[in-house]
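These numbers were taken from a predicted model, which means no experiment stands behind them.
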Amino acid sequence: KTITSTLTGAAIVNGYPINTTTPVFGAMLGEKSLHTDDGRKRTVTVEHLLTMSSGLNCDDSDQESPGNEDRMQEQQEQPDWVQYTLDLGMIREPGEKSVYCSCNPNLLGGVLARTTGRWIPELFDELIARPMQFQHYAINLMPNGEGYMGGGTRLLPRDFLKLGQMMLDGGIWNGKQIVSRDWAERATSQQVTLDGHGYGYYWWIEKYPRGQDTLTAFFAGGNGGQIVMAIPQLDMVIEFFAGNYSDAVFLTLQREYVPKYIIPAAIK
């Protein structure tokens, strides 16, 4: 999901016609969006997708939710998972509440494809992979052959680590502006609260005590414990690669290892 956020910021800095205020259904449906069955859909913006607050009937923690990722991927009727998401009903006002759901970033991938006119894997290769010197990577595809941006991108550890360093450095990698400094700051700052934690643009925000002060970190976390975390106050980027898939034990990395061992070792 963090890849989707980064690609959005990269598209903006490269002049493509998309920004945080872009109306999602307007971008995807054009004039047809004026006649959607629920007027709330017309007010969903890219920022709502970035903060998981679209209001769509979509919840990865609820197997009964129509927009649950597993439910969407297991159904056979609609191979276009972006269209599947567009067809979901609204259950709250956009921006009212953030609920973790992979349909949101995947729909954002659809908006990126539509506004840039590019196949998402090619756009990623041009704007992120090549300028950041990624060696090998893989992006999942939907059944219709379009890039799936709801998660599951595979990166080598050294390349995943570059994402955290680039954001820590204000969006710059080897002198090239991958995303704007403003984007890097907003994406990695708390915009909403999600599941009791701070959340930016698909970056989690964590706070750690340091004496009388608090250290604020931002991190990208994959299912299983693939984590790249930056702590700006320490000018430090940390990475874990683990395979504890769908097991809450992977939360141990950021909740215990970082505050108990890594931060104390760094500030001695």
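Aromatic ring pairs are classed by plane angle as parallel below 30°, tilted from 30° to 60° and perpendicular above 60°; the pair Phe219 and Trp204 is parallel.
Hydrophobic clustering (side-chain heavy atoms under 4.5 Å, transitive across Ile, Leu, Val, Met, Phe, Trp, Tyr) keeps Leu251 apart from Leu253. Grouping the Ile, Leu, Val, Met, Phe, Trp and Tyr side chains by contacts below 4.5 angstrom, directly or via other members, places Ile172 apart from Met167. One hydrophobic cluster holds both Ile267 and Tyr208 under the rule that ILVMFWY side chains link at heavy-atom gaps under 4.5 Å. Cluster membership for Leu127 and Val13, using ILVMFWY side-chain heavy atoms within less than 4.5 angstrom, is not shared. Note on Phe241 and Tyr245: separate hydrophobic clusters, where clusters join Ile, Leu, Val, Met, Phe, Trp and Tyr whose side-chain heavy atoms are under 4.5 Å apart, directly or indirectly.
Among residue pairs with one or both ends in residues 175-189, those qualifying as salt bridge (charged side-chain N to carboxylate O under 4.0 Å, His left out) are Asp182-Arg186; sequence neighbours excluded.
Judged by distance alone, with hydrogens and angles left aside, the side-chain atoms of Ser180 form a donor-acceptor pair with the main-chain N or O of Trp183 at under 3.5 Å. At least one donor-acceptor pair under 3.5 Å links the side chain of Asn68 to the backbone N or O of Asp60. In this structure, Gln233 contributes its side chain and Thr216 its backbone to a donor-acceptor pair below 3.5 Å. No donor-acceptor distance shorter than 3.5 angstrom exists from the side chain of Asn106 to the backbone of Tyr148, with no hydrogens or angles considered. Side-chain atoms of Gln177 come within 3.5 Å of backbone N or O of Gly170 as a donor-acceptor pair. Judged by distance alone, with hydrogens and angles left aside, the side-chain atoms of His197 form no donor-acceptor pair with the main-chain N or O of Leu194 at under 3.5 Å. When atom types are taken as modelled, the side chain of Thr22 and the backbone of Asn19 share a donor-acceptor pair closer than 3.5 angstrom. Between the Asn14 side chain and the Ala10 main chain, a donor and an acceptor come within less than 3.5 Å of each other. Asp59 places a side-chain N or O within donor-acceptor distance of the main-chain N or O of Ser61, the cut-off being under 3.5 Å. In this structure, Lys41 contributes its side chain and Gly89 its backbone to no donor-acceptor pair below 3.5 Å.
Annotation: side chain of Phe240 is not in contact with side chain of Met229 (no heavy-atom distance under 4.5 Å). Annotation: side chain of Gln75 is in contact with side chain of Tyr84 (closest heavy-atom distance under 4.5 Å). Looking only at side-chain heavy atoms (C-beta outward), Pro105 and Leu49 stay at 4.5 Å or farther from each other. Between Ile3 and Leu163 the shortest side-chain heavy-atom distance falls below 4.5 Å. Side-chain contact between Gln135 and Asp159 is present, with heavy atoms from C-beta onward closer than 4.5 Å. Side chains of Trp203 and Ser189 form no contact here, defined as non-hydrogen atoms less than 4.5 Å apart. Here the side chains of Tyr257 and Ile238 are not in contact, with every heavy-atom distance at 4.5 Å or above. Residues Leu234 and Arg210 have side chains in contact (heavy-atom distance under 4.5 Å, counting atoms from C-beta outward).
A donor and an acceptor atom, one from each side chain of Gln133 and Trp173, are located under 3.5 Å apart. With hydrogens and angles left out, the side-chain atoms of Asp125 and Tyr137 include a donor and acceptor closer than 3.5 Å.
The minimum heavy-atom distance between Gly200 and Ile205, with the atom names listed, is N-CG1, 4.1 Å. Scanning all heavy atoms of the two residues, the minimum distance from Arg71 to Ser65 falls at CD-O, 3.4 Å. Nearest heavy-atom pair across Gly150 and Lys1 is O-NZ, 2.7 Å.
With rounding to the nearest 0.5 angstrom, the CD atom of Glu126 is 6.0 Å from the CZ atom of Arg130. One finds the CG atom of Asn57 at 10.0 Å from the SG atom of Cys103 (value rounded to the nearest 0.5 Å). In this structure, OG1 on Thr116 lies 8.0 Å from CD1 on Ile18, to the nearest 0.5 angstrom. Between the CG atom in Asn174 and the CE atom in Met166 there is a gap of 12.0 Å [rounded to 0.5 Å]. Residue Thr2 holds its OG1 atom at 11.5 Å from CD of Gln226, rounded to the nearest 0.5 Å. To the nearest 0.5 Å, the span separating CD on Glu47 from OG on Ser54 amounts to 13.0 Å.
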Tell me which donor-acceptor pairs under 3.5 Å the side chains of residues 91-99 have, and how far apart each pair is, sequence neighbours excluded?
{"unit_1": "Glu96", "atom_1": "OE1", "unit_2": "Glu93", "atom_2": "N", "d": "3.1"}
{"unit_1": "Ser98", "atom_1": "OG", "unit_2": "Thr51", "atom_2": "O", "d": "2.8"}

**OP:** Report the C-alpha separation of Thr193 and Tyr199 in whole Å, then their side-chain angles, then the decisive distance to 0.1 Å, and conclude whether the side chain to side chain contact (heavy atoms under 4.5 Å, CB included) test is met.
**Re:** CA-CA 6 Å; Thr193 298; Tyr199 200 64; over 6 Å; no
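Ala230 meets the side chain to side chain contact (heavy atoms under 4.5 Å, CB included) test with Leu168, Phe218, Val237; sequence neighbours excluded.
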